[in-house]
Amino acid sequence: MSYKTAILGATGAVGAEFLKILQQREFPLASLKLLASSRSAGKKIPFGDEELTVEKVTEKSFDGVELVLSSAGGAISKKFAPIAAAAGCVVVDNTSAFRMDADVPLVVPEVNPEDIKNHKGIIANPNCSTIIMNVPVWPLHKENPVRRIVVSTYQAASGAGAAAMAELAEGAKAFLDGREFTPKVLPHPAAFNVFCHNSNVGPDGYNLEEAKMVLETQKIFHAPEILITATCVRVPVMRAHSEAINLQFTRPITEGEVREILSAAPGVRIVDDRQRSYFPMPLDATDADEILVGHIRRDISQPDGCGIEMFVSGDQIRKGAALNAVQIAELL
Ligand code: A2P
């Protein structure tokens with residue numbers, strides 16, 4: 001079996017990673033169509049021994065296509081994913097457009113692969129910070145249900161796309177040269193700075209990224225009762241997000257138990273060397289498939305022994321987006 005596949009948003013940061021991962025994993029492609037805006041139409045992109053030409057996406061782009069990997073922004077997905085599904089495609093959508101729809105599965109393959117079966121043409125890929133948290137928390141939750149999660153993120157420029165990554169590099173150069181620099185993609189200078197995630201802040205004071213981490217995790221885990229609070233910020237890192245995760249379990253749990261569970265968990269690599277103070281770092285997570293987990297310790301503020309602190313880093317473009325979507329396609 002091989003699949004007539006299209007990438008919507010092929011020229012973006014996640015689109016480029018789709019191309020890399022499809023080749024690395026030898027995904028069975030019958031054909032591959034690259035779709036983006038009119039800005040990129042005609043652009044040539046190398047793929048293996050071939051050169052593929054980017055096409056402007058239209059309503060007709062999906063005729064004869066079976067699988068769409070989509071990452072061109074929420075508005076584009078809202079418009080084109082239903083058109084593609086009506087044309088008979090299965091769309092694995094990387095945007096937030098359909099994630100919370102009751103009849104759209106929201107899937108992390110290591111967590112809820114069985115949910116894929118209920119799809120009606122669209123499967124949503126979760127938010128990158130959600131995926132990076134869910135992969136290591138799920139195996140712990142299965143053993144000892146998590147009652148509460150307090151997570152703080154350290155999010156890379158890559159989450160805001162290829163243009164934001166270029167802006168971080170430009171801004172850093174300008175800062176070091178003493179030149180003035182006005183950001184256009186992100187709301188504040190990214191270089192040598194930290195700021196609240198660049199999504200809108202809701203009436204409850206949470207930004208949209210924080211709300212996604214809460215609601216998506218509850219949906220993916222099928223556990224609306226888990227209490228979750230998040231603080232999401234951008235840090236001057238090019239790609240790979242990090243997260244400080246504080247967990248409160250139902251029963252007491254030891255560091256040793258956490259290490260044992262995580263060392264057997266799919267998609268997780270433990271990086272936890274106290275002697276060398278070597279823990280997960282975004283530079284080490286860059287281009288890695290696994291979520292790095294370390295700095296695992298008992299939370300001394302929970303004297304009942306039910307609390308654990310840990311620090312994770314995961315490649316936002318890879319496991320946080322393109323790899324997770326390709327894994328969903330492989331399960332299909
Ligand atoms: P284009 O390069 O033609 O603008 P990123 O997340 O890295 O910013 O990438 C966004 C992706 O979404 C790019 O491939 C971009 O294509 C694509 N895209 C943005 N706007 C549109 C649009 N109106 N129609 C189709 N693709 C779009």
Side-chain angles (χ1 to χ4, degrees), residues 5-22 32-47 51-63 65 67-85 87 89 91-99 122 124-132 155-171 183-187 190 197-200 208-209 212 232 234 237-241 286-287 314-326:
T5 303
I7 300 177
L8 175 55
T11 51
V14 175
E17 203 64 24
F18 273 137
L19 288 162
K20 218 157 103 185
I21 292 172
L22 291 172
L32 182 60
K33 203 178 217 187
L34 304 187
L35 303 170
S37 77
S38 55
R39 291 180 289 274
S40 311
K43 192 177 167 190
K44 308 265 185 218
I45 296 188
F47 185 75
E51 208 172 50
L52 302 176
T53 305
V54 179
E55 298 169 37
K56 174 185 185 300
V57 64
T58 69
E59 278 87 347
K60 297 262 165 267
S61 298
F62 307 99
D63 296 348
V65 173
L67 171 69
V68 180
L69 300 168
S70 168
S71 188
I76 299 300
S77 282
K78 269 236 165 2
K79 176 170 177 194
F80 287 105
I83 293 172
C89 304
V91 181
V92 184
D93 184 38
N94 256 291
T95 76
S96 60
F98 303 99
R99 288 183 191 145
I122 301 175
N125 199 61
N127 164 270
C128 47
S129 302
T130 305
I131 295 173
I132 289 164
Q155 297 188 219
S158 55
M165 296 167 82
E167 186 168 282
L168 171 58
E170 280 300 303
K184 293 190 194 71
V185 183
L186 291 165
H197 188 275
N198 50 291
S199 49
N200 290 342
L208 210 54
E209 183 84 354
K212 286 176 189 174
C232 293
R234 289 257 181 240
V237 166
M238 199 52 83
R239 64 187 275 173
H241 293 348
T286 295
D287 285 325
D315 189 312
Q316 176 275 323
I317 305 180
R318 217 170 159 84
K319 181 57 187 169
L323 173 62
N324 197 76
V326 173

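Order of appearance sets the numbers: ligands from 1, and atoms from 1 within every ligand. Quick note: numbers below take in every heavy atom, side chains included, and nothing from hydrogens, waters or symmetry partners.
There is no side-chain donor-acceptor pair under 3.5 Å between Ser38 and Lys56. Under 3.5 Å, the side chains of Thr286 and Asp315 contain no donor-acceptor pair of N or O atoms.
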Please test Glu209 against Ser199 for side-chain hydrogen bond (donor to acceptor under 3.5 Å, both in side chains), starting from the C-alpha separation and ending with a verdict. CA-CA 6 Å; Glu209 183 84 354; Ser199 49; 5.2 Å; no
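Sorted by first and then second residue, the pairs that involve residues 8-19 and meet salt bridge (charged side-chain N to carboxylate O under 4.0 Å, His left out), not counting sequence neighbours, are Glu17-Lys20, Glu17-Arg239, Glu17-Arg318.
Protein residues having at least one heavy atom under 4.0 Å from any atom of ligand 1 are Gly9, Ala10, Thr11, Gly12, Ala13, Ala36, Ser37, Arg39, Ser40, Val57, Ser71, Ala72, Ile76, Gly161, Ala162, listed by chain and number.
Within a 6.0 Å radius of CG in Asn200, other residues, nucleotides and ligands contribute 12 heavy atoms or fewer.
Closest approach of Ser77 and Pro82 over heavy atoms only: O-CD, 3.5 Å.
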